[in-house]
Amino acid sequence: MSDIIRLLPDSVANQIAAGEVIQRPASVIKELVENSIDAGATSVTIILKDAGRTLIQVIDNGSGMSETDARLAFERHATSKIASAEDLFTLHTMGFRGEALASIAAIAQVDLRTMLKDAPLGTRLVINGSKVESQTPEACVPGSNLMVKNLFFNVPARRKFLKKDTVEMSAIMREFERLALVNIGVDFTLISNDVTLHSLRRGPLKQRICELFGKNLDKQLIPVETDTSIVSLNGFIGLPANARKRNPLQYFMVNGRNMRHPYFHKAVMQCYEHLIPADEQPNYFINLHVDPETIDVNIHPTKNEIKFENEQAIWQILSAAIRDSLGRFNAGPAIDFDVEDAPEIPVFSPDATATHELIIDDAYNPFARTAPDPIDWTGTPPPSRRSSSESRHSFATRPAALNDWEKLYDDFMRKRDEGLSTAATDHRTTRITVEAPLIDAAPETVHADGPQPVLQLNNTYIITPARDGLMVIDQHRAHLRVLYDSYLQQADRHEFVAQATMFPDLVELSAAQNAVLNDIAPRLRELGFILTYRGETTWSIDGIPSIVKDSSPRDLLLGMIETVTETGEELESTLRDRVALTLAKGSAISRGRTMTIAEMDRLVSDLFRLHSPALTPEGKTVFTILPLDHLAHMLG
């Protein structure tokens with residue numbers, strides 16, 4: 001039997017490594033910019049064509065490379081950052097694995113021009129799919145100018161998985177924001193298709209934050225800072241009043257490197273636990289400085305996951321620093337001593353004489369059977385502010401029927417039954433008004449012979465009997481399902497009508513969000529949104545679809561931008577479904593809201609008219625049934 005194990009060619013090995021290091025154009029930009037920073041660059045320019053598919057060019061004023069170094073830099077595991085295994089635990093550079101340039105050269109066409117600062121002449125290196133085509137002397141400026149052309153040109157399967165330019169550009173913008181935040185001492189310029197998207201100058205962290213995400217953040221951030229033997233911490237956290245439901249700006253940095261750390265994120269969230277609603281999250285930009293020997297960055301090729309030796313201690317220090325900042329800047333809850341309508345209490349004087357006389361009414365019997373005053377909406381003073389004779393007169397002249405509790409209970413039950421009957425026959429009496437497709441027969445879990453008793457549990461669930469047992473319905477998910485189907489029908493019939501808002505809602509977006517909105521704005525206008533571009537990254541929402549009620553226009557717009565960014569699907573084919581889902585989420589009844597019996601009855605009725613009432617559009621369970629035999633078993 002012949003030998004079957006063989007060494008892979010370098011070109012194949014590099015393509016395998018590229019699968020881990022280079023997932024999309026944003027990955028290329030991350031690796032090239034980090035190399036520029038490690039080379040001591042103080043100015044980095046990024047030029048893109050077609051969201052990086054056609055061209056990614058990174059120009060820096062770093063140290064540059066010699067002719068020999070330029071050639072070796074594209075060999076696998078060739079690096080100037082480390083020399084031994086011990087160096088892995090004292091890293092001061094962004095890169096160290098020696099895989100990035102070899103991986104990029106394996107799946108693209110590379111053209112490098114570089115020159116040392118004191119050298120009279122530079123060098124030009126051209127590589128095509130790991131194959132060196134030429135290396136010649138070149139007159140160029142000190143530093144490096146590297147062009148990556150036609151990404152994944154020789155890996156059609158990988159190129160096919162690239163998303164639309166808008167989505168890829170959004171990913172590039174997010175990566176650029178992370179790089180710019182962690183390197184505030186570097187000038188950055190980003191140019192896409194001959195349009196300058198960012199031109200950042202070195203400066204303090206807060207200045208860089210405002211340049212990237214909007215000037216309105218200037219007054220929304222408070223500093224956080226502490227210095228211990230374990231960690232030195234500084235940065236900014238957002239005021240609780242400015243917490244976001246969507247797209248929170250949350251960044252951790254350690255020793256000049258971006259990182260994701262769910263454990264530390266949980267520490268931050270606990271500090272805001274009683275300051276913001278459960279569905280909102282704060283902004284934060286936190287930079288940690290620790291001894292390089294106490295962290296391990298060699299966990300994943302992207303180097304975004306970092307392991308800390310003193311995680312628990314850093315958790316406590318981080319938590320204490322954030323709580324201290326929130327307290328010092330009065331960001332926590334406070335008692336509001338509003339004295340505007342408070343009664344005036346005179347100052348006690350021992351020499352003053354009493355001026356009020358206590359009048360005792362001998363005819364008043366506190367144990368006499370009387371009924372409490374009914375609520376009076378006309379503004380008549382309550383009995384406590386009337387004279388005792390007026391109170392006795394009012395009690396004596398009330399109808400005797402008010403004291404008959406059995407009649408009051410009968411009236412209550414009669415009105416309840418009338419409400420149920422009305423809700424079942426007249427849909428105009430409820431506030432939950434949606435259109436839904438009718439089905440031929442009622443589902444097995446609902447009686448078809450009229451409205452059933454309904455009960456709201458914990459302002460979250462609707463309880464109603466079913467043929468097989470007891471049905472428990474999630475009111476939020478049920479309304480979400482009903483609204484989603486209704487919006488889809490109206491979108492199919494092109495019934496979205498724009499309704500102007502009383503006051504325009506100005507929304508300042510990040511550059512990444514602005515790129516997505518520019519692409520989907522025409523479709524959103526067809527769906528009933530009135531959007532006006534105000535310059536730079538600011539938009540004005542002047543109208544929303546008339547079917548959207550009790551929803552924030554800003555939250556709706558940001559929700560659709562976020563959904564488009566995360567899914568990465570073709571906008572034209574699936575935007576209708578995503579818009580319908582976003583509108584439904586923004587308008588659905590929230591958990592914790594008290595519903596009337598008529599509203600609950602109408603919601604249950606509308607839900608079971610749908611073809612698919614059991615699941616939300618995202619596949620979550622809408623209702624469940626407790627079987628009768630299960631209830632009997634529970635009760636013994």
Can you find a heavy atom in the side chain of Leu517 that is under 4.5 Å from one in the side chain of Leu531? yes
Quick one: closest heavy-atom pair of Ser540 and Leu506, and the distance? CB-CD2, 3.7 Å
Donor-acceptor under 3.5 Å (His476 side chain, Arg591 main chain): no
Interatomic distance, Ile286 atom CD1 to His261 atom NE2 [nearest 0.5 angstrom]: 12.5 Å
Can you measure from CG (Leu217) to SG (Cys210) and round to the nearest 0.5 angstrom? 6.0 Å
Whether Glu225 side chain and Leu233 backbone form a donor-acceptor pair below 3.5 Å: no
I'd like to check the side-chain contact (heavy atoms from CB on, under 4.5 Å) partners of Ala478; sequence neighbours left out, ordered by chain and number. Ile473, Leu603, Leu607, Val622
If you measure from CZ on Arg178 to CG on Leu212, what distance do you get to the nearest 0.5 Å? 12.0 Å
For side-chain contact (heavy atoms from CB on, under 4.5 Å), just list the numbers for Ile625 and Leu470, CA-CA rounded to whole Å, side-chain angles, deciding distance to a tenth of an Å, and then say yes or no. CA-CA 5 Å; Ile625 296 177; Leu470 192 65; over 6 Å; no
What residues form a side-chain hydrogen bond (donor to acceptor under 3.5 Å, both in side chains) with Asn283, not counting sequence neighbours? none
Go through Ile530 and Arg525 one step at a time and tell me if the side-chain contact (heavy atoms from CB on, under 4.5 Å) criterion holds. CA-CA 6 Å; Ile530 304 176; Arg525 292 188 178 98; over 6 Å; no
Within-4.5 Å side-chain heavy-atom neighbours: Ile237 and Leu221: no
Output yes when Arg534 and Glu508 qualify as a salt bridge under the 4.0 Å nitrogen-oxygen rule, no when they do not. no
Would a distance-only check, ignoring hydrogens and angles, find a side-chain to backbone donor-acceptor pair under 3.5 Å from Gln475 to Ser590? yes
Yes or no on ring-ring contact (aromatic ring centres under 6.0 Å, His included) for Tyr263 and Phe308, after CA distance, side-chain angles and deciding distance? CA-CA 11 Å; Tyr263 187 63; Phe308 286 76; 9.8 Å; no
Residue pairs, two or more places apart or on separate chains, that pass salt bridge (charged side-chain N to carboxylate O under 4.0 Å, His left out) and touch residues 624-636: none
Value for CE (Met471) from CD1 (Ile462), rounded to nearest 0.5 Å, stands at 11.0 Å
How about Tyr272 and Ile322: do any of their side-chain heavy atoms sit closer than 4.5 Å? yes
Heavy atoms, side chains only, cut-off 4.5 Å: are Pro282 and Gln250 in contact? yes
Looking at residues at least two apart in the chain, or sitting in another chain, which of them share a salt bridge (Lys or Arg N to Asp or Glu O under 4.0 Å) with Lys620? none
Apply the side chain to side chain donor-acceptor pair (under 3.5 Å) test between Trp539 and each candidate in Asp505, Asn518, Asn514; give the one that qualifies. Asn514
Pairs involving residues 312-322, ordered by first then second residue, that meet side-chain hydrogen bond (donor to acceptor under 3.5 Å, both in side chains) (sequence neighbours left out): Ser319-Arg323
Has Asn458 got a side-chain atom pairing as donor or acceptor with Thr460's backbone, closer than 3.5 angstrom? no
Do Leu249 and Phe285 touch side chain to side chain, with heavy atoms closer than 4.5 Å? yes
Rounded to the nearest 0.5 Å, what's the gap from CD on Glu175 to CE on Met173? Could you check? 12.0 Å
Using a strict cut-off of less than 4.0 Å between a Lys/Arg side-chain nitrogen and an Asp/Glu carboxylate oxygen, indicate whether Asp606 and Arg609 qualify as a salt bridge. yes
Is there side-chain contact between Phe329 and Pro223, with at least one heavy-atom pair below 4.5 Å? yes
Check whether Arg477 reaches the backbone of Thr621 with its side chain - one donor and one acceptor, N or O, closer than 3.5 Å. yes
Rounded to the nearest 0.5 Å, how far apart are OH of Tyr284 and SG of Cys271? 11.0 Å
Answer yes when Arg602 and Glu599 have at least one side-chain N-carboxylate O distance shorter than 4.0 Å, and no when they do not. no
Using the test side-chain contact (heavy atoms from CB on, under 4.5 Å), find all partners of His630 that sit at least two apart in sequence or belong to another chain. Pro627, Met634
So do the side chains of Phe608 and Phe623 get within less than 4.5 Å of each other, counting heavy atoms only? yes
Leu288 versus Phe264: any side-chain heavy-atom pair under 4.5 Å? yes
